[in-house]
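Chain letters run A, B, ... following the sequence lines, proteins first, then strands; residues in each count from 1.
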2 protein chains.
Amino acid sequence: MTSGAGTAAPGRALAHPDREQLALERVLHALADPVRLSVVGVLAETGEELPCSAFALPVSKSTCTHHFRVLREAGVIRQVYRGTAKLNALRRADLDARFPGLLDVVLTARRRADGT
Amino acid sequence: MTSGAGTAAPGRALAHPDREQLALERVLHALADPVRLSVVGVLAETGEELPCSAFALPVSKSTCTHHFRVLREAGVIRQVYRGTAKLNALRRADLDARFPGLLDVVLTARRRADGT
DNA sequence: CGTTAAGTACGAGAGTCATCGTACAAGGAG
DNA sequence: CTCCTTGTACGATGACTCTCGTACTTAACG
């Protein structure tokens, strides 16, 4: 339900960097953390918008909020309010446009070397 | 292995992680710094072994030593003593084997987005 | 309306990081 | 041998990060 005009958030909007403003170092830094890397991995695998609670991360809610903010501010994910939840989506198109191949390479590398 | 005998360092040898031990997060972290990223960029462009002093980095000598160590310990570069200087080489083959495409993608992204 | 679920805000604490300056070691040039 | 260049070692310092718990906001559900 809650369909109709806006699929999601009515008034509440979050700040996201523009595609052209994505900074490589910032993205790399966002990806250089095991918790965040696993979030990105799940988002990429499912290709869906997922609420924070769908990730079963080994950290507290506060820490969770922190990591999602880092990802959002780096431009890796897009967050949209939807009722009491907040949906997270990978900004694949923007990342691919700005840093072609980066996401795929990192995701592939993560899967192959995940034992380390 | 234990290379380094012929061309350069006589006795002094530095610790480098094995190819199979390169950790993605560690490499990403090493690359997520402007100073280190520029070092990697220069090494990739020239394809040569260069002494630390050839980089004209905007930091002090001590900081310079620090950054090169981070790169070496992440497995991004290989360092060899040669007289009073220390030559730095990009470990392209190892990186490409372990994380195919990563280096090229990052370097390409860096060139296009270097304005940020 | 009251309850519950999902996140946020706000500190706070421990740890790591980037930076520096100064003192030191080692090899090459004169 | 003496000096100079190159880089290391060793703190020290300030900033940022990751982590947490508790209190609060917001929306759905009955």
Side-chain angles (χ1 to χ4, degrees), chain A residues 1-4 6-16 23 25-40 49-74 76-89, chain B residues 4 7-16 23 25-40 49-74 76-89:
Chain A
M1 316 92 148
T2 39
S3 37
T7 325
R12 209 126 282 230
L14 290 163
H16 292 79
E25 292 146 23
R26 218 175 168 81
V27 172
L28 289 177
H29 173 250
L31 262 27
D33 177 280
V35 174
R36 294 192 291 259
L37 195 50
S38 95
V39 166
V40 173
E49 293 190 310
L50 297 171
C52 300
S53 54
F55 293 89
L57 300 175
V59 293
S60 73
K61 275 200 299 181
S62 322
T63 305
C64 199
T65 297
H66 161 71
H67 285 306
F68 278 97
R69 177 166 45 213
V70 171
L71 285 171
R72 189 191 73 232
E73 290 179 348
V76 177
I77 64 172
R78 170 163 285 119
Q79 296 185 296
V80 182
Y81 282 104
R82 196 221 165 193
T84 143
K86 190 157 75 170
L87 296 182
N88 302 278
Chain B
T7 331
R12 213 123 283 229
L14 289 163
H16 292 80
E25 291 148 23
R26 217 174 168 82
V27 171
L28 290 176
H29 174 249
L31 262 27
D33 177 282
V35 174
R36 294 192 290 259
L37 195 50
S38 95
V39 166
V40 173
E49 293 191 310
L50 298 171
C52 299
S53 56
F55 293 89
L57 300 174
V59 293
S60 72
K61 276 200 300 179
S62 323
T63 305
C64 200
T65 298
H66 161 72
H67 285 306
F68 278 97
R69 177 168 43 212
V70 171
L71 285 171
R72 189 192 73 233
E73 292 180 346
V76 177
I77 64 171
R78 169 162 286 119
Q79 296 185 295
V80 182
Y81 282 105
R82 196 218 165 199
T84 146
K86 191 158 75 173
L87 297 181
N88 303 278

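Between A:V27 and A:A74, the shortest heavy-atom distance links the atoms CG2-O, 3.6 Å. Pairing each heavy atom of A:A30 with each of A:V76, the nearest pair is CB-CG2, 4.3 Å.
Per the geometry, CG belonging to B:L14 stands 18 Å off P belonging to D:dT6, to the nearest Å. What separates CG of B:L37 from C1' of C:dC17 is a distance of 17 Å, to the nearest Å. Atom-to-atom, OH of B:Y81 to C1' of C:dG28 comes out at 17 Å; the value is rounded to the nearest Å. Rounded to whole angstrom, the span from the CD atom of A:Q79 across to the P atom of D:dT26 amounts to 18 Å. In this structure, the CZ atom of A:F68 is 15 Å from the P atom of C:dA9, given to the nearest Å. Here C:dG7 presents its C1' atom at 14 Å from CG of A:L57, a figure rounded to the nearest Å. Summarising the geometry, the separation between CG on B:L71 and C1' on C:dC17 is reported as 14 Å, rounded to the nearest angstrom. The CG atom of B:L50 sits 15 Å away from the C1' atom of D:dT6 (whole-angstrom rounding).
The CZ atom of A:R72 lies 7.5 Å from the CD1 atom of A:I77; values are rounded to the nearest 0.5 Å.
Between the side chains of A:S60 and A:T63, at least one donor N or O sits under 3.5 Å from an acceptor N or O.
The phosphate of D:dT26 has neither OP1 nor OP2 within less than 4.0 Å of any side-chain N or O from A:T84. Residue A:R69 places at least one side-chain N or O closer than 4.0 Å to OP1 or OP2 of C:dA9.
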Please enumerate all protein N or O atoms sitting under 3.5 Å from an N or O of nucleotides 18-21 of chain D, with distances to 0.1 Å.
from	atom 1	to	atom 2	distance (Å)
D:dC18	OP1	A:R36	NH2	3.0
D:dC18	OP2	A:R36	NH1	3.2
D:dC18	OP2	A:H66	NE2	3.1
D:dT19	OP2	A:H67	NE2	2.3
D:dC20	OP2	A:S60	N	2.8
D:dC20	OP2	A:S60	OG	3.3
D:dC20	OP2	A:T63	OG1	2.8
D:dG21	N7	A:S62	OG	3.1
D:dG21	O6	A:S62	OG	2.6

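Heavy atoms of B:T65 sit under 4.0 angstrom from at least one base atom.
With sequence neighbours left out, A:R78 forms a salt bridge (Lys or Arg N to Asp or Glu O under 4.0 Å) with A:D94.
The side-chain heavy atoms of B:F55 and B:V35, taken from C-beta on, include no pair separated by under 4.5 Å.
Residue pairs meeting the side chain to side chain donor-acceptor pair (under 3.5 Å) criterion with at least one member in residues 28-37 of chain A, sequence neighbours excluded: A:R36-A:H67.
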